[in-house]
Amino acid sequence: KTIPTPLAIQLWQIVLNKQKNSMKLLSEWLAFCEKVQDKDMKAVSRDVWEQVYDFLRETQSVDEYDDNGAWPVAIDEFVEYMQEKK
């Protein structure tokens with residue numbers, strides 16, 4: 001029910017390549033995953049895998065993020081990471 005984060009990163013790059021122009025946070029999401037793959041996110045859960053596409057399509061900036069939504073914790077942590085970078 002999980003896949004290793006490095007594999008997920010490679011698959012997202014392939015699967016989402018054609019949509020990267022409409023997914024403003026894709027490159028930041030991939031960079032975040034690369035940063036945390038050896039610590040907090042060694043594997044990607046099925047929940048994250050299934051919801052990251054919707055998150056990236058719906059959310060064009062972290063300012064638009066609805067923290068009351070039912071997103072997986074990994075996405076919440078990504079948004080916190082992006083807000084700390086500002």
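Being a predicted model, the structure only gives us computed values, none of them experimental.
Counting only residues at least two apart or in different chains, side-chain hydrogen bond (donor to acceptor under 3.5 Å, both in side chains) contacts with residues 72-83 comprise Tyr65-Asp76. Applying the salt bridge (charged side-chain N to carboxylate O under 4.0 Å, His left out) test to every pair with at least one member in residues 34-47, sequence neighbours left out, gives these pairs: Arg46-Glu50.
Taking all atoms of both residues into account, the shortest heavy-atom contact from Thr5 to Ala43 is OG1-N, 3.2 Å. Across every non-hydrogen atom of Pro6 and Gln37, the tightest pair is CG-OE1, 3.2 Å. Nearest heavy-atom pair across Thr2 and Ser45 is CG2-CA, 4.0 Å.
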Anything under 3.5 Å between a donor and an acceptor, one on a side chain of residues 14-23, the other on a protein residue two or more places apart or in another chain? List them.
residue: Asn17; atom: OD1; partner: Lys20; partner atom: NZ; Å: 3.2
residue: Ser22; atom: OG; partner: Gln19; partner atom: O; Å: 3.0
residue: Ser22; atom: OG; partner: Arg57; partner atom: NH1; Å: 3.1

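Listed by chain and number, the residues in a ring pair (Phe, Tyr, Trp, His ring centres under 6.0 Å) with Trp49 are Trp12 (sequence neighbours excluded). Annotation: salt bridge (Lys or Arg N to Asp or Glu O under 4.0 Å) contacts of Asp63 (sequence neighbours excluded): Lys86.
Here the CD1-CZ distance, from Ile75 to Phe32, works out to 10.0 Å after rounding to the nearest 0.5 Å. Interatomic distance, CD1 of Ile3 versus CG of Leu11, reported as 5.5 Å (0.5 Å rounding). Distance check, rounded to the nearest 0.5 Å: SG of Cys33 to CD of Glu28 gives 12.0 Å.
No side-chain heavy atom of Leu25 sits under 4.5 Å from any side-chain heavy atom of Gln60. Counting only heavy atoms from C-beta outward, the side chains of Tyr53 and Glu58 never approach each other to under 4.5 Å. Val48 has its side chain out of reach of Phe78: every pair of non-hydrogen atoms, C-beta onward, lies at least 4.5 Å apart.
Note: the hydrophobic cluster containing Leu30 also contains Leu7 (ILVMFWY, side chain heavy atoms under 4.5 Å, direct or indirect links).
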